[in-house]
Protein chains: 2
Amino acid sequence: MNFEAVTIKDIARELGISASAVSKALKDSYEISEKTKKAVLECAKRLNYRPNPMAQSLKRGNSKSLGIVVSTIDNTFFAQVINGMESVAYSKNYNVIITQTHESYDLEVSNVEHLTVRAIDGLLISLSNETEDLGHLKRLHDKGLPIVFFDRVTDDIETHRVVADNFRGAYEATNSLIEAGYRKIAHITSSPHISITDDRLNGFRLAMSENNIPVNEQFVKYCLHGGRDLNEIEKALTELLCTPDRPDALFTAADRITTTTLMLLHKLGFRIPEDIALLGFTNTGLAEVLNPSLSSVYQPAFEMGKKATEMLISLIESRRPVTEFEKVVLPTEVIIRDSSKPVLIHK
Amino acid sequence: MNFEAVTIKDIARELGISASAVSKALKDSYEISEKTKKAVLECAKRLNYRPNPMAQSLKRGNSKSLGIVVSTIDNTFFAQVINGMESVAYSKNYNVIITQTHESYDLEVSNVEHLTVRAIDGLLISLSNETEDLGHLKRLHDKGLPIVFFDRVTDDIETHRVVADNFRGAYEATNSLIEAGYRKIAHITSSPHISITDDRLNGFRLAMSENNIPVNEQFVKYCLHGGRDLNEIEKALTELLCTPDRPDALFTAADRITTTTLMLLHKLGFRIPEDIALLGFTNTGLAEVLNPSLSSVYQPAFEMGKKATEMLISLIESRRPVTEFEKVVLPTEVIIRDSSKPVLIHK
DNA sequence: TTGTAAGCGTTATCAC
DNA sequence: GTGATAACGCTTACAA
């Protein structure tokens with residue numbers, strides 16, 4: 001760029017040596033004398049030389065950047081995942097390029113396109129709520145683009161996957177509701193298209209059946225937009241709560257759904273847990289503070305980001321084609337909360 | 001990249017013409033015959049040719065990508081700003097690279113470094129809470145890197161700035177509290193280092209003084225971490241509320257501060273607005289739902305992102321050096337809410 | 001209308 | 001130990 005114009009040639013000219021000597025000196029090649037190295041290093045520092053990553057990429061055939069595709073960055077869970085990804089990527093000298101699908105299949109396709117055009121070395125992706133067809137990803141994968149799926153994964157593409165233990169998290173969470181005496185438990189969850197929805201639903205079902213509690217199918221509500229659409233959740237809640245035989249507890253299956261449900265319950269004048277119990281997957285401090293009386297299910301977001309990125313970078317940097325793929329399941333943490341919180345102050 | 005290996009040469013070879021003819025045909029040059037163009041286009045599509053952006057950048061001396069620096073993406077306001085930025089950038093064929101400072105000066109410096117090393121064409125930045133020294137940005141600006149500041153701006157660097165009308169927003173918000181009958185109004189705000197803090201505080205002070213209400217300086221609380229640190233706000237709240245002559249209303253000056261305050265008030269058992277009124281800057285749907293009885297100050301986040309990006313791209317693409325810089329002030333929206341919300345259902 | 005050649009900044013290979 | 005040279009993929013004078 002014009003504003004960062006110091007190149008290897010400038011150093012070469014300055015010292016009266018060749019560009020290739022400078023290049024070698026800068027990477028501490030054994031071919032170059034100590035004296036020259038010292039002079040080059042000094043000069044590079046003095047002129048504030050920075051290698052041009054474009055030129056390096058062009059030469060080396062890689063870009064040292066990773067593409068990230070999430071539904072939205074405005075979500076505590078994904079924000080934490082991205083933080084984990086950044087931490088590993090930066091430590092290994094990779095950059096990340098973040099894109100959002102806003103839960104749209106079309107945007108997912110065009111973002112993936114955008115990223116590969118921009119020449120990424122690998123892709124970290126959590127599928128959008130809408131996505132059913134994986135053609136766009138299969139094609140890239142077949143061409144050799146390393147891909148790691150996280151959170152919302154698919155088994156249709158042979159590669160690494162990192163997920164939280166959604167099944168166990170849902171199972172334990174449901175159990176804790178049952179232990180607390182609740183029986184009429186409703187489950188508000190995401191789109192049926194994505195992998196995690198099934199896992200959580202199955203955990204819920206197992207806990208219920210182990211306790212000989214039949215699942216009322218009217219009490220299972222899907223939210224196609226995953227909590228981003230307030231109306232969708234409002235509708236689900238209305239249907240659940242506007243009946244004489246309404247649930248005595250809600251189990252919400254995603255960060256946004258939990259937060260939104262909490263908001264709506266407050267708005268509707270329901271006290272928690274006196275009027276209705278609420279337990280949900282959440283990575284927002286919010287739910288725990290507003291809802292101190294019950295457990296919540298915390299997803300290992302930062303760890304997930306780290307793990308996925310480590311796996312991706314190892315895929316990228318492995319010399320030979322990888323044939324063994326791993327599905328890593330990280331433990332979900334069910335936080336059992338103590339309802340005896342001190343109330344600090346006089347009103 | 002190895003997985004996307006179709007180059008201009010492949011097309012040239014396929015058609016038995018030269019690479020430069022292909023290049024020209026692809027950009028619809030007048031020099032090339034219609035027949036050749038058609039053949040090239042067909043072949044490019046058939047082979048799924050994608051230009052290598054690295055090579056283009058190297059040649060053209062630009063990267064068609066913009067750097068974004070925000071404190072954190074896990075914040076409704078910044079997430080909305082980024083959405084606005086993406087919408088403009090994509091429409092003009094720019095990519096964005098998002099980085100977070102987590103309110104740390106050191107991270108701000110290293111991110112900016114990272115971005116320029118990665119060769120961005122321009123920088124969109126909202127200063128971190130901690131930043132006082134602007135040397136790192138001044139140096140880049142002097143070298144010719146186009147920069148646009150948004151939200152948390154500085155007057156020390158001669159360039160475009162985009163802000164919300166924080167002064168007016170705070171003024172109107174405070175007025176609405178006063179009109180509602182509150183007199184003992186506390187102000188919880190961000191770090192005193194950043195520009196918006198002063199603007200908001202001044203709006204608050206003007207409204208108070210116009211109504212002949214003295215500002216109790218004990219009622220003005222600064223949060224150096226801008227609401228990210230729960231303890232900081234808890235401390236401020238405790239100090240404010242644990243006195244006999246406590247405030248009857250809180251005016252919070254930032255999205256995260258509003259949300260966190262809301263959480264803590266609930267936790268402490270304060271009802272809003274019966275026990276204490278709360279009015280704040282917020283871009284989260286949350287606050288409005290939980291706090292339906294009062295106004296809230298909505299920042300034009302999406303518009304801010306759009307405007308800042310338009311200005312940056314015009315800076316980048318302007319041929320001659322720009323000497324006239326603009327400070328755009330977007331209107332803040334004070335939403336007066338109706339407390340008569342229907343409560344839907346029987347408990 | 002098309003082809004040739006040089007060059008963007010870097011690096012690898014080979015010669016000196 | 002150091003320097004020429006070619007190459008990465010693309011663009012653009014300029015030559016044909």
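No hydrogens, no waters, no symmetry mates; every other heavy atom, side chains included, goes into these values. Just so it is clear, the model here is predicted, and its values are computed rather than measured. Order of the sequence lines sets the chain letters (A, B, ...), proteins ahead of strands, with each chain counted from 1.
- Rounded to whole Å, the distance from NZ on A:K27 to C1' on C:dT11 is 7 Å.
- Residue contacts shown for B:S33 are limited to sugar-phosphate atoms, with no base heavy atom under 4.0 Å away.
- Applying the 4.0 Å criterion to OP1 and OP2 of C:dT10, one finds that A:R60 has every side-chain N and O outside that range.
- Side-chain atoms of A:E31 lie closest to D:dT2 of the nucleotides C:dG3, D:dT2, C:dT10.
- A:I32 has its CD1 atom 6 Å from the C1' atom of D:dT2, to the nearest Å.
- Base engagement by B:L58 is indicated by at least one non-hydrogen atom pair under 4.0 Å involving a base atom.
- Checking B:S128 against B:T131 by side-chain atom types alone, a donor-acceptor pair falls below 3.5 Å.
- Projected onto DNA chain C by closest heavy-atom contact, A:A19 and B:G16 fall at different nucleotides, the more 5' of which corresponds to B:G16.
- Closest to the side chain of A:A55, out of D:dC8, C:dT10, C:dT1, is C:dT10.
- Checked against C:dT1, C:dT10, D:dC10, the side chain of B:N52 finds its nearest nucleotide in D:dC10.
- Computed from coordinates, the B:R50 CZ to D:dC10 P distance equals 12 Å when rounded to whole Å.
- The backbone N or O of A:V69 sits nowhere less than 3.5 Å from a side-chain atom of A:S126 that would complete a donor-acceptor pair.
- With rounding to whole Å, A:D28 atom CG is found 13 Å from D:dT2 atom P.
- Note: OH (A:Y49) to C1' (C:dT11) measures 10 Å, nearest angstrom.
- Between the side chain of B:T309 and the backbone N or O of B:V88, no donor-acceptor pair lies under 3.5 Å.
- Using a 4.0 Å heavy-atom distance criterion, B:Q56 is classed as a sugar-phosphate-only contact.
- A donor-acceptor contact under 3.5 Å is formed by the side chain of A:S20 with the base of D:dA4.
- Computed from coordinates, the B:I11 CD1 to D:dC10 P distance equals 8 Å when rounded to whole Å.
- Residues A:F149 and A:H141 place their aromatic rings such that the two centres sit no closer than 6.0 Å.
- Distance from the side chain of B:K59 is smallest for D:dT11 among the nucleotides D:dT11, C:dT2, C:dT10.
- Look at CD1 on B:I8: it is 8 Å from C1' on D:dT11, rounded to the nearest Å.
- Closest approach to the A:T7 side chain among C:dG3, D:dC10, C:dG9 is made by C:dG9 (side chain taken as heavy atoms from C-beta onward).
- In this structure, the side chain of B:S57 engages the main chain of B:P53 through a donor-acceptor pair within 3.5 Å.
- DNA chain D is contacted by both A:I17 and B:K24; A:I17 maps to the nucleotide lying nearer its 5′ end (nearest heavy atom per residue).
- Straight-line distance from the NZ atom of A:K9 to the P atom of C:dA6: 14 Å, rounded to whole Å.
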